[in-house]
Amino acid sequence: MGGKEPPGQEKVVLKKKITLLRGVSIIIGTIIGAGIFISPKGVLQNTGSVGMSLSVWTVCGVLSLFGALSYAELGTSIKKSGGHYTYILEVFGPLLAFVRVWVELLIIRPGATAVISLAFGRYILEPFFIQCEIPELAIKLITAVGITVVMVLNSVSVSWSARIQIFLTFCKLTAILIIIVPGVIQLIKGQTQHFKDAFSGRDASIMGLPLAFYYGMYAYAGWFYLNFVTEEVENPEKTIPLAICISMVIVTVGYVLTNVAYFTTISAEELLLSKAVAVTFSERLLGSFSLAVPIFVALSCFGSMNGGVFAVSRLFYVASREGHLPEILSMIHVRKHTPLPAVIVLHPLTMIMLFSGDLNSLLNFFSFARWLFIGLAVAGLIYLRYKRPDMHRPFKVPLFIPALFSFTCFFMVALSLYSDPFSTGVGFVITLTGVPAYYLFIIWDKKPKWFRRASDRVTRTLQIILEVVPGEDGHKL
């Protein structure tokens, strides 16, 4: 089953099909997931007052824009797909890049997918359990179905998952508008009682603030996904920075206004008691129409699940091409032309995360590793400025932007180790296991013959079962 194409099959090359509009829809479509509907509680809990929580939402938006602009420079000067992994490989070499992809596979992606899928499960069941508590098992079972559908969709057709993504982006913006518009009407009517003495309440503690930033930054996370598919972007020098700036402005304004809308109707105390903030809000203001809100939110979460799996399967594909992941992950389905093994490898790990952790510990668990490596990639930009000053950089940001952003990432990581040592510690230990794994799987080339024979046999068997063949080169998928 070598690398030959089956007869009659044309080669499918990744064409430069991502225009500015599609770029914006990829970024907005992946950022707006469950974050804005889950995180307000976490931010408020850890800041202690309405005013402080709105400030954190605004600052997180600006910081995410700084991170995104830094990625725009990285993406236009290193024109390869693969996002964080590619930049760390380019700057810090293979060991750190391997650890990055190891953690992505074991913690970050299964954790992120489990968190957003749980939100999908909770919201989709909400209309059926209006008067009573939703059983946890029911949420987890419907979530498991959702995850499986996303994996199947991405395995079966690239174009279908892209079409569905555009439709779901429209649903997300609708969901946010359904909250913002009544909120603005409330403000015009003078419903501002929850904003009086906005900064009075519990003082934000040194422990609470980094966790508040985690929740805020989690809600904005996703601005880096366009960089996973750089090779497919039309005129990347212009498109990437523009798409990033437009998307981040829309999302930041949308998020801050959504939070303002919540507080026109719900007091800080009530918000903390609510299981699903968007639903509580809509029940108060929209009457029977409020049943539509959890459906829109569920669709929004589904869009983020879809976008995340779509983008990260590319990362595994690229890492496998570099020899950092098993060869099977860089293979393509002979008829569907999808990176089938790179998509389904996540399914079992996501299921384990789903049935083992609660939402908050999962969030802290993977946030540590995610921000550590994003901070490293952005610090790499500063390093490249000095190490390779003559590198072609069509888009350049002032140095204070990557400096401030990478400092914020490292600061959040250090403080989270201090404020939630258990979850963060587990994340840290799993990250460190990447070092021996690198030497064992990648560097050590005197593996016993039986081991090599066994792994070849497993690869061949999987090839036959999954009907996949090696890609022609790094640009074909």
Side-chain angles (χ1 to χ4, degrees), residues 27-28 30-71 108 111-112 115-116 119 172 176 179-180 198-199 201-224 247-263 268 271-272 274 277-278 300-301 304 359-372 374-375 378 404-416 419-420 423-424:
I27 300 174
I28 292 181
T30 319
I31 294 181
I32 303 175
I36 186 61
F37 310 111
I38 295 177
S39 298
K41 195 169 165 180
V43 173
L44 182 62
Q45 221 160 5
N46 290 295
T47 51
S49 68
V50 171
M52 199 64 189
S53 82
L54 291 175
S55 308
V56 166
W57 278 105
T58 311
V59 172
C60 285
V62 174
L63 279 171
S64 299
L65 175 64
F66 281 8
L69 288 170
S70 307
Y71 263 52
I108 299 179
V115 167
I116 191 123
K172 291 160 192 288
I176 281 193
I179 291 168
I180 291 176
F199 286 91
R202 280 186 307 108
D203 279 342
S205 64
I206 188 76
M207 299 286 57
L209 270 181
L211 287 175
F213 271 96
Y214 255 6
Y215 281 103
M217 295 296 273
Y218 163 70
Y220 284 103
W223 43 262
F224 35 77
S247 309
M248 291 315 296
V249 169
I250 291 173
V251 172
T252 306
V253 171
Y255 275 13
V256 174
L257 285 178
T258 302
N259 275 284
V260 168
Y262 287 152
F263 289 121
L271 191 138
L272 289 177
S274 167
V277 186
S300 170
C301 296
S304 274
L359 232 134
N360 285 350
S361 60
L362 273 180
L363 206 57
N364 296 347
F365 198 53
F366 77 79
S367 287
F368 159 78
R370 171 184 264 174
W371 296 115
L372 175 68
I374 289 176
V378 173
L404 182 66
F405 181 79
S406 52
F407 172 76
T408 307
C409 287
F410 296 140
F411 182 67
M412 285 196 320
V413 164
L415 273 180
S416 69
S419 58
D420 185 1
S423 295
T424 318

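Numbers here are sequence positions counted from 1.
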Which heavy-atom pair separates [X] from [Y] by the least distance, and what is that distance?
{"X": "Ala212", "Y": "Val56", "result": "O-CG1, 4.0 Å"}
{"X": "Leu65", "Y": "Met248", "result": "CD1-CB, 3.7 Å"}
{"X": "Cys301", "Y": "Ala119", "result": "SG-CB, 3.9 Å"}
{"X": "Pro40", "Y": "Tyr262", "result": "CG-CE1, 3.6 Å"}
{"X": "Val43", "Y": "Gly216", "result": "CG2-N, 3.8 Å"}
{"X": "Ala112", "Y": "Arg370", "result": "CB-NH2, 4.1 Å"}

What distance separates [X] [atom1] from [Y] [atom2], expressed to the nearest 0.5 Å?
{"X": "Phe224", "Y": "Ile27", "atom1": "CZ", "atom2": "CD1", "result": "11.0 Å"}
{"X": "Leu44", "Y": "Leu271", "atom1": "CG", "atom2": "CG", "result": "5.5 Å"}
{"X": "Ser300", "Y": "Ile116", "atom1": "OG", "atom2": "CD1", "result": "7.0 Å"}
{"X": "Trp223", "Y": "Leu69", "atom1": "CH2", "atom2": "CG", "result": "9.5 Å"}
{"X": "Ser70", "Y": "Ile374", "atom1": "OG", "atom2": "CD1", "result": "11.0 Å"}

Is there a side-chain contact between [X] and [Y], using heavy atoms and a 4.5 Å cut-off?
{"X": "Leu54", "Y": "Val260", "answer": "yes"}
{"X": "Ile250", "Y": "Ile28", "answer": "yes"}
{"X": "Phe66", "Y": "Val378", "answer": "no"}

Query - Passing candidate, side-chain contact (heavy atoms from CB on, under 4.5 Å) with Cys60, options Tyr220, Tyr215, Tyr218 - result: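 Only one option passes, and that is Tyr220.
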
**Report entry** Counterpart residues, ring pair (Phe, Tyr, Trp, His ring centres under 6.0 Å), relative to Trp57 (two or more places apart)
**Finding:**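 Only Tyr255 meet the ring pair (Phe, Tyr, Trp, His ring centres under 6.0 Å) criterion with Trp57.
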
Query raised in the report: With sequence neighbours left out, what residues match Phe213 under ring pair (Phe, Tyr, Trp, His ring centres under 6.0 Å)?
Result: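 Residues passing ring pair (Phe, Tyr, Trp, His ring centres under 6.0 Å) with Phe213: none at all.
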
Requested in this report: Mind telling me whether Trp371 and Phe405 have parallel, tilted or perpendicular rings, with 30° and 60° as the class edges?
Outcome: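 If you compare the ring of Phe405 with that of Trp371, the planes turn out perpendicular.
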
Query raised in the report: Is the backbone of Thr30 close enough, under 3.5 Å, to the side chain of Ser304 for a donor and an acceptor to pair up by distance?
Result: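 At least one qualifying donor-acceptor pair exists.
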
Requested in this report: Kindly say whether Val50 contributes a backbone atom to a donor-acceptor pair with the side chain of Ser53 at under 3.5 angstrom?
Outcome: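 Pair found, side chain donor or acceptor close to backbone of Val50.
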
Report task. Quick one: list whatever passes side chain to side chain contact (heavy atoms under 4.5 Å, CB included) with Ile180, sequence neighbours left out. Result ->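 Listed in chain order: Ile176, Val184, Leu257, Thr258.
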
